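These notes concern the structure reproduced below.
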There are 2 protein chains.
Amino acid sequence: MKDGRKRGRPRAFDAKAALGKARDVFWDKGFAAASLDNLSAATNLNRPSLYGAFGDKEDLYLDTLEGYRQDGMDALAEALDPSLPLRDNLARVYAGALAVYLHGETAARGCLLIGTATVEAVERERVREVLGRSLGDFDGEIEKRMRLAVERGELAEGADPQMLARLASAVMHSLAVRARAGDSRETLEAIARSGVELICGPA
Amino acid sequence: MKDGRKRGRPRAFDAKAALGKARDVFWDKGFAAASLDNLSAATNLNRPSLYGAFGDKEDLYLDTLEGYRQDGMDALAEALDPSLPLRDNLARVYAGALAVYLHGETAARGCLLIGTATVEAVERERVREVLGRSLGDFDGEIEKRMRLAVERGELAEGADPQMLARLASAVMHSLAVRARAGDSRETLEAIARSGVELICGPA
DNA sequence: CATATTTTGTACCGTTTCGCATTAAATTCT
DNA sequence: AGAATTTAATGCGAAACGGTACAAAATATG
């Protein structure tokens, strides 16, 4: 009773690890092209176990998106450490993103949300909701830092924190798309640098 | 002989119009989730006719992407009319894009390339090639205008035309993603305005 | 030890998928 | 008019799809 052991046969797998494997499949193939057989093979779970643990394919996909979103927000908060200059904060955000985006095996994977949820967003309301919320939360977290930067005088007096945050996000969206389109690391890093410079002003 | 009439039974459909109908299907559903039955119904062509005219599903998809890319480049060249100020040029580019992106029925469709080709780019080399080339050509066309702007003194002396062009594109990529994520027209227009201001300087 | 409960694995169901084989129709060339 | 050629339409077929029924296995409870 003390340990949370449930009543029936115990699970023979780690749900968190399985979710990570499923995420990789969705990341490469997208939602529609990822079959339950693909997911079953990658997770080493047979379809009924997958279904029992996570629900149907869309439920599973939404779970992976939600986990990814959470990881992204954690990484963002860390990169935006307010004891560092805004310029460094943004550079860290982009560097962290590129480390994830370029991790592909054949071709770079980009961002799970932008790369795979965007296409499903039109016809699947729940996907659209997660995507919209993820982008909005991301904007909001950067906006908080921008607001602080204005107070501190790191930005011009009349600067609009909300719009600057959205433009900082825009650079990330572009990195995500371009990574998947095959752009080189050097190109992407140059774009990130230029983005920082445009938003924060010349060094 | 003068008219291009071929030898056998003439086609009972307009290939260009059919391609446009197919494009709409791919635009909403993406490549993987669009079935040949969907495409057949939308184009009023039975599957064998589709197959005979355009090849398999990927061929058809690539055809629609190529047509979309061409249309986009035409619109871009028109928006970048060098007799207008750079600021107006960029505003026209974004306004034209939003007119297309927001045209959805239930949810906005965004950009066909960014919204649907990005997800397939990892595992389908031909899609990745078209996407990469499309983004690059778009950047290049804007870069030409940026170069002119530097010569004319519309931009700061040390401005880097290539990087400014890529950042101008980045704003478009973001508009494309956010449209599909459900952002309002007002939000998107505000982002476009702020992008112009950041790149061209305050009015 | 028996019972209840949960997970696992096999096998299967009905549907949808993409692509093509085949035949009928429409046109040009000889 | 008849042969050649191209398109149209029906329909098939093998495979893959998402999802589930069912029985065996593993654990907790009484």
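So you know, we letter chains A, B, ... as the sequences are listed, proteins then strands, and number each from 1. If you're wondering where the values come from, they're calculated on a predicted model, not measured in any experiment.
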**Asked** How long is the line joining CZ of A/Phe13 and P of C/dT6, in whole Å?
**Response** 15 Å

**Asked** Of A/Pro10 and B/Asn44, whose closest DNA chain D nucleotide lies nearer the 5' terminus?
**Response** B/Asn44

**Prompt:** Is any side-chain nitrogen or oxygen of B/Asn46 closer than 4.0 Å to OP1 or OP2 of D/dA9?
**Reply:** yes

**Asked** Whole Å only: how far is the CZ atom of B/Phe54 from the P atom of C/dC18?
**Response** 16 Å

**Item:** Nucleotide nearest A/Leu36 when distance is taken to its side chain, options D/dA8, D/dG19, C/dT7
**Value:** D/dG19

**Item:** For atom OH of A/Tyr51 and atom P of D/dC17, their distance in whole Å
**Value:** 17 Å

**Complete:** Against the side chain of A/Asp37, the closest entry in D/dC17, D/dG19, C/dT8 is D/dC17

**Request:** Check every strand shown and say whether B/Ala53 touches a base, only sugar-phosphate, or nothing at a heavy-atom separation below 4.0 Å.
**Result:** nothing

**Asked** Which residue lies toward the 5' end of DNA chain C, A/Gly52 or B/Ala32, if each is placed at its nearest nucleotide?
**Response** A/Gly52

**Asked** Of all the choices, D/dT20, D/dG19, C/dC18, which nucleotide is nearest to the side chain of B/Lys57 once you look at every atom?
**Response** C/dC18

**Asked** Could a donor-acceptor pair under 3.5 angstrom be found where the side chain of B/Arg9 meets the base of D/dA8?
**Response** no

**Asked** Out of curiosity, A/Asp88 CG to A/Leu80 CG, how far, rounded to the nearest 0.5 Å?
**Response** 11.5 Å

**Asked** Tell me: CZ of A/Arg11 to P of C/dG9, nearest whole Å?
**Response** 13 Å

**Request:** Select base, sugar-phosphate, or nothing to describe what A/Ala34 touches, counting heavy atoms under 4.0 Å on all strands.
**Result:** sugar-phosphate

**Message:** Heavy atoms from C-beta onward define the side chain here; which of D/dA8, D/dT29, C/dC29 lies closest to that of B/Arg7?
**Reply:** C/dC29

**Item:** 5' priority, DNA chain C, between A/Ala12 and B/Asp56 [closest heavy atom]
**Value:** A/Ala12

**Request:** Rounded off to whole Å, could you give me the CD-to-C1' distance for the B/Glu58 and C/dT17 pair?
**Result:** 16 Å

**Prompt:** Taking atom C1' of C/dT7 as reference, at what distance in whole Å does atom CG of A/Asp14 sit?
**Reply:** 16 Å

**Message:** Checking the side chain of B/Arg180 only, and the main-chain atoms of A/Thr118 only, is there a donor and an acceptor separated by less than 3.5 Å?
**Reply:** yes

**Message:** Between A/Arg166 and B/Asp183, does any side-chain N to carboxylate O distance fall below 4.0 Å?
**Reply:** no

**Request:** Find the distance B/Leu39:CG to C/dT17:P and express it as a whole number of Å.
**Result:** 10 Å

**Request:** Verify the contact: side-chain N or O of B/Ser35 to OP1 or OP2 of C/dT16, cut-off strictly under 4.0 Å; return yes or no.
**Result:** no

**Request:** Decide, yes or no, whether a salt bridge links B/Arg193 with A/Asp160 under the criterion of side-chain N to carboxylate O below 4.0 Å.
**Result:** no

**Item:** Atom pair distance, as rounded to whole Å: CZ in A/Arg47 and P in D/dA16
**Value:** 12 Å

**Fill in**
Nearest heavy-atom approach of A/Asp59 to A/Phe54 is CB-O, 3.1 Å

